[in-house]
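First the structure, in the form of structure tokens, and then the observations on it.
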Amino acid sequence: MQVTMIGAGYVGLVSGACFADFGHHVTCIDKDAGRIAALRRGHIPIFEPGLVDLVETNTRQGRLEFAMEPTGIGDADAVFIAVGTPSRRGDGHADLTYIYGVVREIAPLLSPTAIVVTKSTVPIGTGDEIERILREERPDAEMQVVSNPEFLREGAAIYDFKHPDRIVVGSDDARARAVVAEVYRPLYLNAAPILNVSRRTAELIKYAANAFLATKITFINEIADLCECVGADVQDVARGMGLDNRIGAKFLHAGPGFGGSCLPKDTTALIKTAHDYGAQLRIVETVAAVNDQRKRAMARKVVAALDGSIRGRTIAVLGLTFKPNTDDTRDSPSIPLITALNDLGAVVRSYDPAGMEQAKPHLPNVIYCDSAYAAAEGADAVVIATEWEQFRALDLERLRRIMARPVIVDLRNIYRADEMQRANFRYLAVGRPDVEHSPTPPAANRQKSKRPAAVE
Ligand code: UGA
């Protein structure tokens, strides 16, 4: 099939390369001349494991092309729109300028029976507006507008594309459904369920799914706070809950709060949509507010680890991206956390395997280092803010030798209390009992929880 992908950003590039890998002929269109030139040279402007090879193979085999102009779009069996929908400045609504701009531009070039598929995350009703614009520009044509939201996680996007839990197709038109099903046929043969729903329903499924994931994370984060008060272990609580199939084990990892380009933006946009329609989403509103406060509040944990003050202390923060395997620092918990540490008078050293350049404009008062150990040199505490693989097995002996004090604050719960006890670190995690450093030999240490007495 001939597929046109408008937008060679994160979603467009991953989806376009995967469609080409299925055997379709894909043209990715983007207005950014530098981006298209780089892609044609084989340079991938985003960090996503496996994407360089996928683009290279499919370009070499002639199935994937890049262009600035949508010439040839009239021959496409399906035209996907995957341009950005950032939060609009001031009110948090999704900004649809790019989407509507693209639709007006391509309208005269489309075949009269074109299938236009929206992959960008767009507010409910956007498909109706796209259809209205197309009818206005081409009153004679019989184009169809379909919503086909993506559920890709950064860092695992190619896997997610090729192994979807479901493919959501929002359209009431049988011809449009058949064309989109044909584009996804290789996955369909592998039994990925296609969910045919109305267009508005498809648009809402995307937001509802992200809002629910955000709710699950925020729920376990608050349970983690309670665990710290009562002396319970949130990882065991999460396991005990997650083994119930009705709940499920995923997205129950307590941490410093969710970040990234999707969950924060999409929860805010969903709340705005609900307000516009006079509906109430009080749970989602609370989730957004709780998560916003949580990131900066993580600095309190660092203050507690250093006995009440961090003024003049050196803190090493490991991880700047919102999660591992990405260079994306958008809404990363590390940013408000480090800002708070700076505000409290600490000197912050940091290392991230991929996100340091992106973080620099937001965090000018940080000493950027070229390894975790370089960051830890002379530090009074190491804070693990992102669970990169390379932070999971740090040489604790070496850390203790180079640090000013043996203190680790693990905001991602990637170490076990017993190993920290053996290495004789003071160790604070999220929703788990603290481990105290002891001047006596490690064997004599005891894991202690600083459990306050319950208020009777
Ligand atoms: C998210 C969704 O997971 C995808 O399904 C969706 O397609 C995507 O948004 C999107 O709308 O495009 P992503 O933003 O890449 O994907 O990241 P997630 O893996 O969902 O993680 C989001 C944040 O939640 C990260 O900061 C992560 O550290 C945090 N998180 C996640 C937790 O704190 N605990 C968890 O148990 C899971």
Side-chain angles (χ1 to χ4, degrees), residues 7 9-15 46-49 82 84-87 94 118-123 148-161 163-168 202-224 234-235 237-239 241-242 247-270 287-288 290-292 294-295 298 319-337 355 384-388 391 410-414 429-431:
Y10 191 82
V11 172
L13 205 49
V14 171
S15 309
I46 55 172
F47 180 102
E48 180 63 36
T85 54
S87 272
T118 315
K119 253 214 172 299
S120 306
T121 300
V122 292
N148 170 227
E150 55 86 16
F151 301 99
L152 312 176
R153 288 165 303 162
E154 286 186 28
I158 293 169
Y159 179 88
D160 285 353
F161 197 96
H163 305 87
D165 291 333
R166 75 299 205 192
I167 298 157
V168 174
E203 289 168 344
L204 181 51
I205 286 173
K206 166 69 192 206
Y207 280 103
N210 272 359
F212 190 79
L213 293 173
T215 304
K216 220 174 163 188
I217 297 167
T218 306
F219 179 85
I220 201 67
N221 283 343
E222 289 205 314
I223 294 293
V234 73
Q235 284 182 309
V237 173
R239 193 167 145 73
M241 289 169 60
I247 297 173
K250 293 185 178 161
F251 275 66
L252 284 181
H253 300 289
F258 60 80
S261 64
C262 304
L263 300 193
K265 169 171 82 72
D266 292 352
T267 43
T268 307
L270 184 60
V287 163
V290 168
N291 192 64
D292 271 354
R294 183 171 186 84
K295 298 176 185 176
M298 287 294 114
L320 294 165
T321 53
F322 78 99
K323 67 174 190 179
N325 299 323
T326 174
D327 60 357
D328 198 341
T329 57
R330 281 177 285 178
D331 272 314
S332 171
S334 299
I335 294 173
L337 163 68
I384 299 168
T386 314
E387 68 278 33
W388 283 94
F391 300 155
D410 178 2
L411 299 180
R412 296 292 183 167
N413 287 344
I414 58 177
V430 176

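These values consider heavy atoms only, across backbone and side chains, with no hydrogens, waters or symmetry-generated copies. Computed from a prediction, not measured in an experiment: that's the story for all the values here. This chain uses plain numbering: 1 for the first residue, then up along the sequence. Start at 1 and go down the list; that is how both ligands and their atoms are numbered.
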So is Lys206 touching ligand 1 or not, going by heavy atoms under 4.0 Å? yes
Numbered in order shown, the ligand 1 atoms found under 4.0 Å of a heavy atom of Phe258 are 23 (C), 24 (O), 26 (O)
Determine the sole option in Thr121, Asp266, Thr267 for which the side-chain hydrogen bond (donor to acceptor under 3.5 Å, both in side chains) test with Asn210 is passed. Asp266
With atom 23 (C) of ligand 1 as the reference point, say which of Gly257, Gly259, Gly260 has the nearest heavy atom. Gly259
Contact between Ser334 and Thr386 at the side-chain level, heavy atoms closer than 4.5 Å - yes or no? yes
Specify side chain, backbone, both or neither for Leu152, according to which of its non-hydrogen atoms lie closer than 4.0 Å to ligand 1. backbone
Of all protein heavy atoms, the one nearest atom 18 (P) of ligand 1 is Lys323 NZ, 3.7 Å
For atom 5 (O) of ligand 1, closest protein heavy-atom neighbour: Phe151 O, 3.5 Å
Considering only the protein, which heavy-atom contact is closest to atom 31 (C) of ligand 1, and what is its distance? Ile217 CD1, 3.5 Å
Passing option when Phe151 is tested against Ile205, Ile167, Asp160, Asp165 for side chain to side chain contact (heavy atoms under 4.5 Å, CB included): Ile205
Quick note on ligand 1: atoms under 4.0 Å from a heavy atom of Leu213 include exactly 3 (O)
Which heavy atom of Ser261 sits nearest a heavy atom of Arg330, and at what distance? CB-CZ, 3.3 Å
Tell me the protein heavy atom at minimum distance from atom 9 (O) of ligand 1, and give that distance in Å. Cys262 CB, 3.1 Å
Any donor and acceptor pair, going by atom type alone, linking the side chain of Ser332 with main-chain N or O of Leu320 inside 3.5 Å? yes
Assess whether side chain to side chain donor-acceptor pair (under 3.5 Å) is satisfied between Tyr10 and Glu48, documenting all intermediate values. CA-CA 9 Å; Tyr10 191 82; Glu48 180 63 36; 2.3 Å; yes
What's the spacing between Phe258 CZ and Asn221 CG if we round to 0.5 Å? 9.0 Å
Using a 3.5 Å cut-off on N or O atoms only, is Arg153 in polar contact with ligand 1? no
Is Phe322 in polar range of ligand 1, meaning some N or O pair under 3.5 Å apart? yes
With a 4.0 Å cut-off on heavy atoms, is Arg412 in contact with ligand 1? yes
Would a 4.5 Å heavy-atom cut-off, applied to side chains only, mark Ile247 and Leu252 as touching? yes
Would you say Glu387 has any N or O atom under 3.5 Å from an N or O of ligand 1, going by distance alone? no
Out of Leu263, Asp331, Asp328, indicate the one that has the non-hydrogen atom closest to atom 1 (C) of ligand 1. Leu263
Can you report which non-hydrogen protein atom sits closest to atom 2 (C) of ligand 1, along with the distance? Asn210 OD1, 3.7 Å
Looking only at heavy atoms of Thr121, does any of them come nearer than 4.0 Å to an atom of ligand 1? no
With the side chain counted from C-beta on, respond yes when His253 and Glu387 share a heavy-atom pair under 4.5 Å apart, and no when they do not. no
Any idea which protein heavy atom is nearest atom 15 (O) of ligand 1, and the distance to it? Glu154 N, 2.7 Å
Charged N to carboxylate O below 4.0 Å: is that the case for Lys206 and Glu150? yes
What do we get for Leu252 next to ligand 1 when only non-hydrogen atoms under 4.0 Å count, side chain, backbone, both or neither? backbone
Above 12 or not: heavy atoms from other molecules or residues under 6.0 Å from CZ of Phe212? no
Identify, for atom 20 (O) of ligand 1, the protein heavy atom at the shortest distance, and state residue, atom and that distance. Phe251 CZ, 3.3 Å
Ligand 1 atoms in contact with Asp266 (distance to a heavy atom under 4.0 Å): 11 (O)
closest protein heavy atom to atom 34 (N) of ligand 1 is His253 O, 2.9 Å
